[in-house]
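Some notes on the structure that comes next.
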Amino acid sequence: MIFEENGLQKLQENIFRSESLQSIMADSKVSEAELEAQSAKVDALLKDMNGKFTSEQLQDIDRLIQEYGVLLASTVFHNFKLNSFGK
């Protein structure tokens, strides 16, 4: 469950152990085709969710995905020292 005391850490662990990420990173490279395939997988999952949740729940899920995306992007920028842009 991701909503434990260490929920974010558990979520990150699950991501790193996921078959999707393991497959993409098997050769230590991320190809355009792999990005497109993962994008299609996420798109299909999001479309599937439309019939399973209320509009309000979908808005909450959308906000969660957006904020987690911001966290991931911010982490990448921080780790690569790109956060110095604009200084």
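These numbers come from a predicted model, not from an experiment.
Neither L58 nor Y68 shares a network with the other; the hydrophobic side chains, linked directly or stepwise wherever heavy atoms of I, L, V, M, F, W or Y lie under 4.5 Å apart, form separate groups for each.
Under a cut-off of 6.0 angstrom, the local environment of CD in E56 is sparse, with at most 12 non-hydrogen atoms contributed by other residues, nucleotides or ligands.
Of all non-hydrogen atoms in K29 and E34, the two that sit nearest each other are O-OE1, 3.3 Å.
Here CG of L21 is found 12.0 Å from CG of N14. Values are rounded to the nearest 0.5 Å. Note that CD of Q57 and NZ of K52 are 12.5 Å apart. Values are rounded to the nearest 0.5 Å. Taking CG from L64 and CD from Q66, the interatomic distance works out to 10.0 Å, rounded to the nearest 0.5 Å. Here CD1 of I65 is found 11.5 Å from CG of L72. Values are rounded to the nearest 0.5 Å.
A donor-acceptor pair under 3.5 Å links the side-chain atoms of S74 to the main chain of V70, judged by distance alone.
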Per-pair distances, 0.1 Å, donor-acceptor, side chain in residues 35-47, under 3.5 Å, sequence neighbours excluded:
residue	atom	partner	partner atom	Å
K41	NZ	S20	OG	2.8
D43	OD2	K47	NZ	3.1

